[in-house]
**Q** 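Please find one structure pasted underneath; my questions will follow.
In the text below, chain A, chain B and the rest are named by the order of the sequence lines, each starting its count at 1. Quick caveat: nothing in here was measured; it's all calculated off a predicted structure.
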Protein chains: 2
Amino acid sequence: MAKVVKKIKTNAGYHHGELRETLLKEATLMVNATGTQSLSMRALGESIGVSRTALYHHFKNKNDLLSAIAESGFDTWQGLVDKIISNNDSSEQQILRNYIKGYIEFSTENAFIYELMFGSALWKEQASSESLKNTAYKSFQFHLSLTARWQKSGILNSDVDTLRLAQVTWGTLHGICKLIIDGIYADNKNIDHLVDTIIASQVH
Amino acid sequence: MAKVVKKIKTNAGYHHGELRETLLKEATLMVNATGTQSLSMRALGESIGVSRTALYHHFKNKNDLLSAIAESGFDTWQGLVDKIISNNDSSEQQILRNYIKGYIEFSTENAFIYELMFGSALWKEQASSESLKNTAYKSFQFHLSLTARWQKSGILNSDVDTLRLAQVTWGTLHGICKLIIDGIYADNKNIDHLVDTIIASQVH
DNA sequence: CTAGGTAACTTGACATTGTCAAGATGAATG
DNA sequence: CATTCATCTTGACAATGTCAAGTTACCTAG
């Protein structure tokens, strides 16, 4: 019985066909909505109309699934940052401002994904794949190159070792984002003021 | 049977006597060792020699227990910071340096407790008690007063609003600590160099 | 076109978790 | 001495991640 819908390689039938992508899409939505903690593997499978353990044929375990989500998060971020940087109409200072603002907005608008990308779940204990490590490393390399660029154009202090300075500036961005996301900097709707202060305190 | 050891108000017998404090002590050890995630309420109870649900007569739930641990973490930190600040032999700049170094060391040496104190578990969704909020607020107030002090003595930029500057400087500290703790700034054994860079990039 | 191999999927099962409800205990108070 | 009430225990439930053993159906070799 149930030999209907055979040729159609989409949602119906025993073999789903595009389960991996569907899972990723749905999981990303769920994580964005309620976080990684409350993402249930079983619920995820069933919400797609597949059994509770079907995912394990596409992802080794929950961590593996989260890694994949994080990786696409890095892609999204890289896309945003490329757009910000390639705006040739603006001054260097304006680009720096856009970068800072863009970073904070990305992190707060995708809070749970951001938490995933730069949180302990994937990075502690070497838990993440080589591929993810590379993607993330590229992201930091980009921040590093921007730091060098702004040192050269006199916006950032050029007496300091670039690598170490990049660690500090990224730390500043990351710390502020985390404090906002985690509910400690509660009433910070006005990002612009925050950006002003970051620039005022770090620009040379 | 087993009516022995009646008068002694310590570990033996049906009523433990000092269960709350014992739990707090043991739970703190466990959290410090393996984190809040893997702290099991049942295992905690049984490790102390009490049934798996005995804790629920002293803490409303796991979150409540974690709050108590965090609160004592704030006390520890406040004690450290008091010591650092009250050192009258040092220059203001040296005190700032000690403060930064002390912050990073405290956070990395008590990584899981730090995560608890300033992480989403307790602060998102108003999850923490009024008492904890006050304790934490005092901690930020202290950082704020230090910021004002260093602005006055010309170490930090005094053109910027103190509150906003304090938010940024704390963000820097917090971000760097998180990146170290979470395994992203992997090889950062040399804290001194990091402290140097923080000072170089933020000191006016 | 068919046989069989294999990837994709399901059901059943297990251990672990937080937490509640109902009962047992015993220290303190009248 | 009797009673009350905080303290503690046992039993239970639902949810979770994940494994092992079966089932299904697509694909490819003959």
**Q** Does C:dC9 have OP1 or OP2 sitting under 4.0 Å from an N or O in the side chain of A:His58?
**A** yes
**Q** From D:dT18, C:dC9, C:dT17, pick the nucleotide closest to the side chain of A:Thr53?
**A** D:dT18
**Q** Got a donor-acceptor pair under 3.5 Å from the side chain of A:Arg52 to the base of D:dG17?
**A** no
**Q** Output the rounded distance in Å from NZ (B:Lys60) to P (C:dC20).
**A** 9 Å
**Q** Counting only side-chain heavy atoms from C-beta out, which of D:dT9, C:dG18, D:dG17 sits nearest to B:Lys62?
**A** C:dG18
**Q** Classify the nucleic acid contact of A:Leu65 as base, sugar-phosphate or nothing, counting any heavy atom under 4.0 Å across all strands shown.
**A** nothing
**Q** So, A:Glu71 versus A:Ser131: side-chain donor-acceptor pair below 3.5 Å or not?
**A** yes
**Q** Give the rounded distance in Å between these two atoms: CD of B:Glu46 and C1' of D:dT9.
**A** 11 Å
**Q** What integer distance in Å separates A:Asn63:CG from D:dG17:C1'?
**A** 12 Å
**Q** Please answer whether the main-chain N or O of A:Gly35 pairs with a side-chain N or O of A:Glu115 as donor and acceptor at a distance below 3.5 Å.
**A** no
**Q** Provide, to the nearest angstrom, the distance between the CZ atom belonging to A:Phe59 and the C1' atom belonging to C:dA8.
**A** 14 Å
**Q** Rounded to whole Å, please give me the gap between CG in B:Leu55 and P in C:dC20.
**A** 12 Å
**Q** Just compare D:dT10, C:dT10, C:dG18 and give me whichever is closest to any side-chain atom of B:Ser51.
**A** D:dT10
**Q** Rounded to whole Å, how long is the line connecting atom CD of B:Glu21 with atom P of D:dT7?
**A** 12 Å
**Q** Send over the distance from A:Tyr56 OH to C:dT11 C1', rounded to a whole Å.
**A** 15 Å
**Q** A:Met41 CE to C:dT10 C1': how many Å, rounded?
**A** 16 Å
**Q** Answer with yes or no whether the side chains of B:Glu130 and B:Asn134 bring together a donor and an acceptor at under 3.5 Å.
**A** no
**Q** Scan side-chain atoms only and decide if B:Gln202 and B:Thr169 contain a donor-acceptor pair under the 3.5 Å cut-off.
**A** no
**Q** Among B:Phe140, B:Tyr103, B:Tyr114, B:Phe106, find the residue that satisfies the ring pair (Phe, Tyr, Trp, His ring centres under 6.0 Å) test when tested with B:His174.
**A** B:Tyr114
